[in-house]
Amino acid sequence: MAIVGKKFPSVSIDAMSEMGDDLKINIFEEAVSKEKKVILFWYPKDFTFVCPTELHAFQAALPDFEKRNTIVIGASCDTNEVHFAWLNTAKENGGIEGVTYPILADTHRHLANILGIVDQDVEYDEEGNESFSGSNVTYRATYLIDETGKVFHESVNDMPVGRNVKEYLRLIDAYAHVQKHGEVCPANWEEGKEAMNANRTGVAEYLSAN
């Protein structure tokens, strides 16, 4: 279910801090109350393979997100206890020691099911009995939320495919440009490049020059 252009669900979810503090985080309220953008990225499971590479990549880019007034929050369906154990496992042993942003622990899959990003299928036999298939963990879903709580980007990768963190920085730059200047950003736009007015004259002038 696509939610781009809509408000992000206002739901409070358990989370773990780098210091081992049990938190409750509402993504919508984080954006609105702090007047910041939020990037929320879901990954399938702690102590796996592609996942720690992504968490470290987001950590490495944390100063770049902070310069853009953007909060970084990770999320999976693991428990806070498992998150904390992973946070205390060294990088060279497959851990995420050194990650400083909070990680949601959506163990009941409440928010993940609202977003429709859980790998799970339910079938019923003739007697109405349920049978489940799928991994019951989330895909690599990513949401960019603005200062009003509105989603301006969402994407979902299959589990084997890691994300490109630089692309989310580019998307945040593009959206901030739209917010500030009222222009629109064409294909492959990057900070410092030409944008255009959203009318026939604007697109004609842009295409003539490019």
Side-chain angles (χ1 to χ4, degrees), residues 1-10 27-44 49-75 99-102 104 111-112 114-117 119 138-210:
M1 178 182 67
I3 60 171
V4 169
K6 301 175 183 177
K7 298 295 186 182
F8 193 83
S10 182
I27 300 296
F28 176 83
E29 291 180 358
E30 284 286 300
V32 174
S33 66
K34 296 180 180 178
E35 297 183 340
K36 291 179 178 288
K37 293 180 176 67
V38 176
I39 179 165
L40 172 66
F41 73 96
W42 294 81
Y43 62 91
F49 316 112
V50 176
C51 297
T53 70
E54 291 192 313
L55 273 84
H56 286 297
F58 278 104
Q59 179 65 34
L62 196 58
D64 296 315
F65 285 107
E66 290 173 346
K67 284 192 297 186
R68 292 162 171 80
N69 197 41
T70 300
I71 300 168
V72 176
I73 299 176
V99 166
T100 60
Y101 49 82
L104 298 188
L111 180 55
I114 291 173
L115 298 171
I117 58 173
D119 174 31
T138 65
Y139 294 102
R140 300 186 192 280
T142 313
Y143 298 87
L144 295 177
I145 300 121
D146 72 12
E147 299 87 346
T148 70
K150 186 183 80 171
V151 178
F152 66 92
H153 169 84
E154 66 176 309
S155 58
V156 183
N157 290 6
D158 202 355
M159 294 172 197
V161 182
R163 281 163 279 217
N164 184 337
V165 174
K166 291 181 180 179
E167 172 63 3
Y168 301 110
L169 294 169
R170 188 195 73 84
L171 288 166
I172 292 168
D173 286 341
Y175 191 76
H177 185 94
V178 172
Q179 288 176 308
K180 182 177 181 179
H181 299 286
E183 297 178 314
V184 293
C185 297
N188 299 321
W189 184 92
E190 294 176 345
E191 184 66 40
K193 288 187 176 181
E194 181 184 0
M196 62 186 186
N197 293 317
N199 54 45
R200 291 184 179 179
T201 301
V203 69
E205 290 176 348
Y206 178 85
L207 292 175
S208 296
N210 294 277

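Below, all heavy atoms of this structure are taken into account, side chains as well, without hydrogens, waters or symmetry copies.
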Can you check whether Thr148's main-chain N or O pairs, donor with acceptor, with Asp146's side chain at less than 3.5 Å? yes

Approximate separation, where rounding is to 0.5 Å, of Phe8 CZ and Leu111 CG: 4.5 Å

Does the side chain of Asn197 reach to within under 4.5 Å of the side chain of Glu183, using non-hydrogen atoms? yes

Under 3.5 Å donor-acceptor, Glu194 side chain and Tyr206 backbone: no

Value rounded to 0.5 Å, distance of CG in Leu144 from CG in Leu171: 6.0 Å

Determine, step by step, whether Val38 and Phe28 satisfy the side chain to side chain contact (heavy atoms under 4.5 Å, CB included) criterion, reporting the C-alpha distance in whole Å, the side-chain angles of both residues, the deciding distance to 0.1 Å, and the verdict. CA-CA 9 Å; Val38 176; Phe28 176 83; over 6 Å; no

Mind checking whether Val165 and Phe65 have side chains closer than 4.5 Å, heavy atoms only? yes

With rounding to the nearest 0.5 Å, note down the distance linking NE2 in His177 to NZ in Lys193. 13.0 Å

Should we say atom CG of Asn188 is surrounded by more than 12 heavy atoms from elsewhere, each under 6.0 Å from it? no

Minimum heavy-atom distance between Ala141 and Arg163, given as atom pair plus value: O-NH1, 3.1 Å

Do the side chain of Glu54 and the main chain of Gly162 share a donor and acceptor less than 3.5 angstrom apart? no

So if I apply the salt bridge (Lys or Arg N to Asp or Glu O under 4.0 Å) rule between Asp173 and each of Lys180, Lys37, Arg68, which one comes out positive? Arg68

Enter the distance from Asp64:CG to Thr70:OG1 here, rounded to the nearest 0.5 Å. 10.5 Å

Rounded to the nearest 0.5 Å, what separates atom CG in Leu169 from atom NZ in Lys67? 9.0 Å

Between Arg140 and Pro44 (side chain of the first, backbone of the second, donor and acceptor by atom type, cut-off under 3.5 Å), is there such a pair? no

Polar side-chain atom of Gln59 near backbone of Thr100 as donor-acceptor pair, under 3.5 Å: yes

Leu55 and Val99 have their tightest heavy-atom pair at O-CG2, 4.0 Å

Please round to the nearest 0.5 Å and tell me the distance separating atom CD1 of Ile114 and atom CD1 of Ile3. 9.5 Å

Can you name the nearest heavy-atom pair linking Ala195 to Val184, along with the distance? CB-O, 3.3 Å

Is any side-chain heavy atom of Val72 closer than 4.5 Å to one of Tyr168? no

Go through it in stages, so that I can follow the logic: the residues are Phe152 and Val178, the test is side chain to side chain contact (heavy atoms under 4.5 Å, CB included), and I'd like the CA-CA distance, side-chain angles, deciding distance and then a yes or no. CA-CA 11 Å; Phe152 66 92; Val178 172; over 6 Å; no

Please find the pair of heavy atoms, one from Ser155 and one from His153, that lie closest to each other, and give the distance. OG-NE2, 3.2 Å

Residues Leu40, Leu104; criterion side chain to side chain contact (heavy atoms under 4.5 Å, CB included); working and verdict: CA-CA 9 Å; Leu40 172 66; Leu104 298 188; 3.9 Å; yes

Can you list the steps and then say if Trp42 with Leu115 is a side chain to side chain contact (heavy atoms under 4.5 Å, CB included)? CA-CA 11 Å; Trp42 294 81; Leu115 298 171; 3.7 Å; yes

Using a 6.0 Å cut-off, check whether atom NZ of Lys166 has over 12 heavy atoms from anything other than its own residue. no

Centroid-centroid under 6.0 Å between Phe58 and Tyr101 rings: no

Heavy-atom closest pair, residues Met196 and Gly202: CB-O, 3.9 Å

Using side-chain heavy atoms (C-beta onward) and a distance below 4.5 Å, is Glu30 in contact with Lys36? no

The single option from Tyr139, Phe49, Tyr43 that satisfies side chain to side chain contact (heavy atoms under 4.5 Å, CB included) with Met159 is Tyr139

